[in-house]
Amino acid sequence: MTRLQPAHRRTTARAAALIASAAVVAVGVQTGTADADTPREAGATAVALSAPQRAAALQEGQTKAADTARAITLGDREALIARDVVKDADGTVHTRYERTYAGLPVLGGDLVVHEKRDGARSTTKATDARISVASTTPAVAATTAGQAAATSSRAKDAKADTTRKVIWAATGKPVLAWETVVTGTQTDGTPSRRHVITDADSGKELFSYESIRTGIGNSLYSGQISLGTSGSNGTYTLTDAARGGSKTYDLNGGTSGTGTLFTNSTDVWGNGLVTHRESAAADAHYAEATTWDFYKNELGRNGVRGDGKAANSRVHYGINYANAFFDGSCYCMTYGDGYDNAHPLTATDIAAHEMSHGVTAATAGLIYSGESGGLNEATSDILGTSAEFHAGNATDVGDYLIGENIDANGTGNPLRYMDKPSKDGVSKDFWYSGIGNVDVHYSSGPANHFFYLLAEGSGPKVVNGVPYDSPTANNVTVSGIGRVKAYKIWYRALATKFTSSTNYAAARTGTLAAAADLYGPDSPEYAAVANAWRGVNVG
């Protein structure tokens with residue numbers, strides 16, 4: 001096991017111990033293929049909005065919501081609620097709206113309005129179905145729906161937490177429904193927040209999905225690192241004021257609550273050993289910072305939700321808990337210590353994976369089930385891997401392997417492989433018509449494979465000392481365009497093209513549209529996106 005070296009904000013632990021005031025050092029360094037931005041790419045690239053700028057843009061979107069609803073021919077009983085906004089350097093504004101019908105949330109009715117500087121407008125919708133129901137009076141009581149939802153859960157101590165009346169439009173004809181959130185604990189110790197959709201007329205369960213996003217990442221420690229901390233004169237905390245005030249807490253084996261903020265009399269954190277509680281905390285805190293820098297500096301996103309506010313970290317969750325998760329209810333990333341409490345899951349790609357679940361929730365909101373669920377997981381692998389490369393850490397070098405050092409299965413092998421997903425024994429290399437029935441961590445395979453092919457191309461290759469050999473469907477030859485262009489295309493599609501119900505076919509359409517925005521519809525990059533999807537049997 002590679003051990004974590006002492007973490008601090010200067011180049012040596014001794015020097016850090018002598019500093020009397022808090023300082024913040026940016027640590028994100030770009031490595032790998034660097035692609036020069038073309039003028040078109042620069043114009044279509046999102047600009048980083050400060051919290052006040054984003055708030056003003058959202059308010060503007062909400063002010064125009066009624067006019068926008070009429071312009072895109074929504075019904076008289078429908079309304080729009082501005083949820084997210086992306087502004088491009090060329091003045092184009094992409095406003096993401098939730099939809100309501102008769103005041104009820106329309107699940108699966110989300111849409112994105114794209115408005116150019118000259119006023120030209122287009123719309124991307126999660127569904128083209130007309131939103132209308134015969135009545136908004138349910139035949140089934142909320143308590144009945146809630147009890148049935150709790151009974152159907154496999155979670156320990158399952159109970160109906162909340163039930164609300166909605167319009168369900170994500171899987172076909174819109175219907176009046178109840179949405180129940182069932183809380184409890186999953187079999188591996190992960191909290192459960194299962195959303196159950198019940199037909200409000202028949203009482204039939206229409207759909208369900210788990211909203212706690214879990215994922216395994218690389219637990220290789222980060223070495224001697226710089227941290228953003230706060231405090232002075234013998235009282236320091238793991239609070240990064242420069243990155244939204246992100247904080248790292250110690251759950252000390254607990255499974256609920258915030259935990260205790262890490263505090264120290266010196267500004268030196270950890271001793272490089274897993275037995276020191278601060279070592280895992282230093283990794284998680286550093287990883288949150290490098291991921292923040294990646295999103296802001298590379299993709300123009302100011303924090304997970306784009307509002308400049310940090311998602312906090314909780315380490316030492318549970319006992320022998322070999323997983324990590326993002327929970328929107330606490331707006332936090334949470335990390336277990338692994339089997340035998342000897343392998344904390346706190347490396348950069350883990351943090352970036354979990355934070356990216358938060359980004360997905362704040363943008364496309366990909367439903368965590370079926371093909372959209374696989375794309376949700378793939379997004380976290382794709383952007384988590386990209387953040388790991390961007391960090392440029394000499395101890396934890398970037399790679400296209402997920403969990404190669406955690407040894408969670410006791411085999412010494414990675415958990416997932418982006419160049420050939422099936423090497424893990426369960427993930428899928430290529431799309432097929434039944435892939436939506438596979439666990440989302442494994443149906444993510446074709447999208448992870450697509451990203452690798454788009455970035456690096458097919459066939460044998462060595463990156464940062466790691467050999468890869470990526471196959472393709474029908475032996476299609478794919479040439480890569482570089483990692484930077486690949487992740488810019490994927491993120492733009494996520495932020496401005498994908499919706500809650502995006503499937504693989506729609507992901508192809510969205511990434512092609514993103515490539516056209518950034519590089520032009522006749523560009524080599526556009527052709528490469530189409531060819532990479534062909535390489536995983538999509539299109």
*Reported NE2-to-OG1 distance for the pair His390 and Thr348, which is rounded to 0.5 angstrom*: 12.0 Å
*Are the side chain of Asn320 and the backbone N or O of Asn341 linked by a donor-acceptor pair below 3.5 Å?*
yes
*Can the positive tip of Arg483 be found less than 6.0 Å from the middle of the six-membered ring of Phe389, inside 45° of the ring normal?*
yes
*What's the shortest heavy-atom distance between Ser470 and Gly457, and which atoms?*
CB-O, 4.2 Å
*Applying side-chain contact (heavy atoms from CB on, under 4.5 Å), run through Lys420 and Tyr452 and close with a yes or a no.*
CA-CA 9 Å; Lys420 187 179 180 182; Tyr452 176 87; over 6 Å; no
*Step by step, would you call Val113 with Arg121 a side-chain contact (heavy atoms from CB on, under 4.5 Å)?*
CA-CA 7 Å; Val113 176; Arg121 182 189 290 113; 3.6 Å; yes
*Look only at the side chain of Glu371 and the backbone of Tyr504, and say whether a donor-acceptor pair between them is shorter than 3.5 Å.*
yes
_Run Thr248 and His285 through side-chain hydrogen bond (donor to acceptor under 3.5 Å, both in side chains) and show every step you take._
CA-CA 6 Å; Thr248 299; His285 201 67; 2.8 Å; yes
*Salt-bridged, Arg243 to Asp293, with N to O below 4.0 Å?*
yes
*Should Ser500 and Asp110 be marked as a side-chain hydrogen bond (donor to acceptor under 3.5 Å, both in side chains) after you check the CA-CA gap, both sets of side-chain angles, and the distance that decides it?*
CA-CA 7 Å; Ser500 60; Asp110 50 299; 2.6 Å; yes
_Exercise: identify the closest heavy-atom pair between Ala284 and Val315_ = CB-CG1, 3.7 Å
*In sequence, state the C-alpha distance, the side-chain angles, and the governing distance for Glu377 and Ser380, and then conclude on side-chain hydrogen bond (donor to acceptor under 3.5 Å, both in side chains).*
CA-CA 5 Å; Glu377 269 299 312; Ser380 285; 5.5 Å; no
*Between Asp240, Leu238, Val304, which is the residue that forms a side chain to side chain contact (heavy atoms under 4.5 Å, CB included) with Ser246?*
Asp240
*asked:* For Ile481 and Leu454: C-alpha separation, side-chain torsions, deciding distance, then whether side-chain contact (heavy atoms from CB on, under 4.5 Å) applies.
replied: CA-CA 6 Å; Ile481 61 174; Leu454 183 61; 3.7 Å; yes
*Checking Glu388 side chain against Thr385 main chain: does a donor-acceptor pair fall under 3.5 Å?*
no
*Are any of the side-chain nitrogens in Glu298 or Lys488 under 4.0 Å away from the carboxylate oxygens of its partner?*
no
*Would you say Glu354's side chain and Met333's backbone share a donor-acceptor pair under 3.5 angstrom?*
no
*Within 6.0 Å of OH in Tyr331, more than 12 heavy atoms from elsewhere*: yes
*So, Asp118 and Lys116, do they make that salt bridge, N to O below 4.0 Å?*
no
_Under 3.5 Å: donor-acceptor pair, side chain of Ser427, backbone of Lys423_ = no
*Check step by step if side-chain hydrogen bond (donor to acceptor under 3.5 Å, both in side chains) holds for Tyr295 and Ser356.*
CA-CA 9 Å; Tyr295 271 107; Ser356 296; 2.6 Å; yes
*Minimum heavy-atom distance Phe430-Asn537, with the two atoms named*: CB-CB, 4.1 Å
*Would you find a donor on one side and an acceptor on the other, under 3.5 Å apart, between the side chain of Asp340 and the backbone of Ala342?*
no
*Check Trp292 against Met355 and note the closest heavy-atom contact, atom names and distance.*
N-CE, 4.2 Å
*asked:* Show, in sequence, the C-alpha distance, side-chain angles and deciding distance for Leu111 and Thr124, and conclude whether the side-chain contact (heavy atoms from CB on, under 4.5 Å) test is met.
replied: CA-CA 6 Å; Leu111 53 89; Thr124 302; over 6 Å; no
*Taking the six-membered ring where the residue is Trp, are the ring centres of Tyr286 and Trp269 under 6.0 Å apart?*
no
*How many angstroms lie between atom CG of Asp349 and atom CG of Asp399, to the nearest 0.5 angstrom?*
7.0 Å
_Suppose we call two aromatic rings close when their centres sit under 6.0 Å apart. Are Tyr400 and Tyr468 close by that rule?_
yes
*Are Asp381 and Arg416 ion-paired here, with the side-chain N under 4.0 Å from a carboxylate O?*
yes
*asked:* Using the rule given for salt bridge (Lys or Arg N to Asp or Glu O under 4.0 Å), can you reason through Arg54 versus Asp84, listing the C-alpha separation, both sets of side-chain angles and the distance that settles it, and then say yes or no?
replied: CA-CA 9 Å; Arg54 179 179 182 275; Asp84 194 32; 3.2 Å; yes
_Separation of Leu49 CG from Lys296 NZ (nearest 0.5 Å)_ = 11.0 Å
*Shortest non-hydrogen contact from Thr290 to Ala287?*
OG1-O, 3.0 Å
*Mind checking whether Phe450 and Trp490 have parallel, tilted or perpendicular rings, split at 30° and 60°?*
tilted
*Short question: side chain of His449, backbone of Asp429 - any donor-acceptor pair under 3.5 Å?*
yes
*Taking all non-hydrogen atoms of both residues, which atom of Thr502 and which atom of Ala506 are closest, and how far apart?*
CG2-CB, 3.7 Å
*Would you confirm whether the ring centroid of Tyr487 sits within less than 6.0 angstrom of the ring centroid of Phe294?*
yes
*Is it true that a side-chain atom of Thr511 and a backbone atom of Arg508 form a donor plus acceptor pair closer than 3.5 Å?*
yes
*Can you tell me how far the CG atom of Leu494 sits from the CD1 atom of Ile489, to the nearest 0.5 Å?*
14.0 Å
*Please determine if Arg492 and Asp88 form a salt bridge, counting it only when a charged side-chain N lies under 4.0 Å from a carboxylate O.*
yes
*Donor + acceptor pair across side chains of Glu288, Thr291 (<3.5 Å)*: no
*asked:* Nearest 0.5 angstrom please: Gln186 CD to Asn323 CG, how far?
replied: 9.0 Å
*Carboxylate-amine/guanidinium contact Asp517 Lys497, below 4.0 Å*: yes
*Look at Glu210 together with Arg194 and state whether they make a salt bridge at an N to O cut-off of under 4.0 Å.*
no
*If you round to the nearest 0.5 Å, how far is CZ of Arg96 from CZ of Phe498?*
10.0 Å
*Under 6.0 Å from the NZ atom of Lys309, do we count more than 12 heavy atoms belonging to anything else shown?*
no
*What orientation do Phe325 and Tyr321 show, parallel under 30°, tilted 30 to 60°, or perpendicular over 60°?*
perpendicular
